[in-house]
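Structure, as structure tokens:
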Amino acid sequence: MSFTLAIIGRPNVGKSTLFNRLVGQKLALVDDAPGVTRDRREGEGRLGDLSFTLIDTAGLDEGPKGSLTARMQEQTETAIELADALLFVIDARAGLTPNDRAFADFARRANKPVVLVANKSEGKHGEIGAMESYALGLGDPVQISAEHGEGMGELYDALRPLLPEPVEEEDDDQPFDDSDEAIATRPIRVAIVGRPNAGKSTFINRLLGEERLLTSPEAGTTRDSIAVEVEWKGRDFRVFDTAGLRRRSRIEEKLEKLSVADALRAVRFAEVVVLMMDAQHRFEEQDLRIADLVEREGRALVIAVNKWDLIERQGGQIAQLRADADHWLPQIKGVPIVATSGMLGEGVDRLMQAIQDAYKVWNRRVPTAALNRWFEQAISQNPPPAVSGRRLKLNYVTQAKARPPSFVVFCSRADAVPESYLRYLVNSLRGAFELPGTPVRITLREKANPFAHKRKRKS
């Protein structure tokens, strides 16, 4: 079992910067403003030959019971319970504060090994603050600069006695396995995206059966893209909760820009994207922009219309949702759409099944014989138009790859084939091979002319 380290301390001491340094990626949002981190974030860290699981936490701070601050502290307390050891971080430049002293007592009461980390120790002021930290009674401080990577050797020496002996790793350089068996067993990466306050975190908490992610009636509670592991009916999922995506013109604060960029990275990393809409304000302009982004990124899409419990129930509403989706999103016709309520747990099973179905379609390979039969029938029913008095000739088609399904059509004069005819081929493919909702790519390629070199010789 992996050794787990929780990074704790008051706000704005550099916990997320240290987290990013140890995981080797900029996973956690970092900003000069205090209180950027709210949910706890996990990642796989390395330091030399040491491997461990890291938990980045919200800054330890006090707040009234039930407030967002108090619930952030509850998340930190949960991280401490899960950890095998604690990295207690202070700001050496600022020196000790009353909060540092109070939370040093909190860390001691956890009855777990504590490594005192004096961050921002570079320079004369940092040295003085690091010396002050002896007063906490947590042993010798490890002086580091997480931003500049200084002091990592000393941190290694402090962590080495706490961790089990490193195990020799097996060779990871295995080719990517895209066999049907591998596709059916590896975790599906799912990003939940949408406008602010659509209920994304509430839905994931319902899926997990615990208050894993912070929720609030106020929009913008989620900042980082947080990944959680979910098992549903024997299938593993890695689900990413993301910050709400507003129109670009309304994004002003630097922190929100970072949150949006983090959400967009989650979309690019995902295999299936769930676009969560508010049932009372569905298919608004920003929803359509997000869906178009997902299609352009080539990810499988599922639409969840959340807060369905707030809608007055009438006959034919689901059919109307289906019709609305096809009307507003013709580029991904047939996209799965599910009515849900994260608060009450309605539609959870239907949505998880829709995710699995969309993932299978996204990975689908069409048999060559069937593809050729479809191609002949499609161009005979609707031949390509003549352009500038010359007939376009489409020779044959092949599937280049899946994820998403991508096809290459060999033809004459590829640049002259109209976009409308390509749309016809895409829609015909969707209908013939049951590819609803997933992006379908068709690339045109001109077939080499075997007589071209003879013409050049004559000239």
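The CD1 atom of I55 sits 9.5 Å away from atom CD1 of I80, with the distance rounded to the nearest 0.5 Å. Once rounded to the nearest 0.5 Å, the distance linking CG of D309 with CG of L344 reads 4.5 Å. In this structure, CG on L163 lies 6.0 Å from CZ on R160, to the nearest 0.5 angstrom. Separating the CG atom in L116 from the CG atom in L87 is a distance of 10.0 Å, to the nearest 0.5 Å. Note that the CG atom of L47 and the CG atom of L155 stand 5.5 Å from one another [nearest 0.5 Å]. Distance check, rounded to the nearest 0.5 Å: CD of E434 to CZ of R364 gives 6.0 Å.
Closest approach of R21 to H148, counting heavy atoms only: NH2-C, 3.6 Å. Taking every heavy atom of both residues into account, R195 and I290 meet most closely at N-CD1, 4.2 Å. The shortest heavy-atom contact between L435 and P405 is CD2-CG, 4.2 Å. The shortest non-hydrogen separation linking I332 to P439 is CG2-N, 4.5 Å. Closest non-hydrogen pair, G347 versus V338, comes out as O-CG1, 3.9 Å. The two residues A402 and R365 come nearest to each other via the heavy atoms N-NH2, 3.8 Å.
Although no hydrogens or angles enter the test, the distance criterion places a donor-acceptor pair under 3.5 Å between the side chain of N427 and the main chain of R423. Although no hydrogens or angles enter the test, the distance criterion places no donor-acceptor pair under 3.5 Å between the side chain of R108 and the main chain of V114. For the pair R206 (side chain) and M343 (backbone), a donor-acceptor distance under 3.5 Å is present. Put simply, the side chain of D287 gets close to the backbone of E284: a donor and an acceptor are under 3.5 Å apart. The closest donor-acceptor contact from the side chain of K112 to the backbone of A83 lies under 3.5 Å. In this structure, the side chain of R299 engages the main chain of A270 through a donor-acceptor pair within 3.5 Å. Using modelled atom types, no side-chain atom of R445 and backbone atom of V408 make a donor-acceptor pair closer than 3.5 Å. For the pair S406 (side chain) and P404 (backbone), a donor-acceptor distance under 3.5 Å is present. Formation of a donor-acceptor pair under 3.5 Å by the K15 side chain with backbone atoms of R10 is found in this model. Using modelled atom types, no side-chain atom of E154 and backbone atom of V142 make a donor-acceptor pair closer than 3.5 Å.
A salt bridge links D278 with K307: the closest approach of a Lys/Arg side-chain nitrogen to an acidic carboxylate oxygen falls below 4.0 angstrom. E295 has a carboxylate O that lies under 4.0 Å from a charged side-chain N of R441, or vice versa, which qualifies the two as a salt bridge.
Other residues, nucleotides and ligands place no more than 12 heavy atoms under 6.0 Å from the CD atom of Q377. At most 12 non-hydrogen atoms from other residues, nucleotides or ligands lie less than 6.0 angstrom from CD of E419. Annotation: E147, atom CD; neighbour count of heavy atoms from other residues, nucleotides and ligands within 6.0 Å does not exceed 12. Counted within 6.0 Å of CG on N111, heavy atoms from surrounding residues, nucleotides or ligands total 12 or fewer; the atom is thus considered open.
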message = Between I192 and V239, is the side-chain contact (heavy atoms from CB on, under 4.5 Å) condition met? List the steps.
response = CA-CA 7 Å; I192 312 288; V239 182; 3.8 Å; yes
Candidate pair L301 and T438, rule side-chain contact (heavy atoms from CB on, under 4.5 Å), full reasoning = CA-CA 6 Å; L301 179 65; T438 198; over 6 Å; no
request  = Could you walk me through whether V273 and V190 pass the side-chain contact (heavy atoms from CB on, under 4.5 Å) test, one step at a time?
outcome  = CA-CA 6 Å; V273 176; V190 182; over 6 Å; no
task = Go through the steps to decide whether I204 and V228 satisfy the test side-chain contact (heavy atoms from CB on, under 4.5 Å), and finish with yes or no.
result = CA-CA 9 Å; I204 295 175; V228 295; 3.8 Å; yes
inquiry  = Is there a salt bridge (charged side-chain N to carboxylate O under 4.0 Å, His left out) between R289 and E285? Walk through the geometry before answering.
reply    = CA-CA 6 Å; R289 288 177 183 271; E285 182 182 356; 2.7 Å; yes
inquiry  = Quick one, R109 with D105, criterion salt bridge (charged side-chain N to carboxylate O under 4.0 Å, His left out). Give me CA distance, side-chain angles, the key distance, then yes/no.
reply    = CA-CA 6 Å; R109 289 197 300 272; D105 293 335; 5.5 Å; no
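Remark: the D349 side chain and the W232 side chain contain an N/O donor-acceptor pair separated by less than 3.5 Å. A donor-acceptor contact under 3.5 angstrom links the side chains of D49 and Y156, judged on distance only. Using modelled atom types, one finds a donor on one side chain and an acceptor on the other under 3.5 Å when comparing W374 with S428. D324 and Q320 share a side-chain donor-acceptor pair at under 3.5 Å.
With ring centers used as reference points, F375 lies 6.0 Å or more from Y396. Ring centroids of F3 and F52 are separated by 6.0 Å or more, keeping the two rings apart.
Counting only heavy atoms from C-beta outward, the side chains of L18 and L22 approach each other to under 4.5 Å. A 4.5 Å side-chain heavy-atom check between I337 and V305 finds at least one atom pair inside the cut-off. Between I318 and L321, some side-chain heavy-atom pair lies under the 4.5 Å cut-off. A heavy-atom distance below 4.5 Å is not found between the side chains of F88 and I7. Looking at heavy atoms from C-beta onward, I90 lies out of side-chain contact with N119 at the 4.5 angstrom threshold. Using a 4.5 Å heavy-atom threshold, the side chains of F410 and E446 count as separate. Side chains of V440 and F407 form a contact here, defined as non-hydrogen atoms less than 4.5 Å apart. Counting only heavy atoms from C-beta outward, the side chains of F237 and E229 never approach each other to under 4.5 Å.
Between F106 and F103, the ring-plane angle classifies as perpendicular under the 30° and 60° cut-offs.
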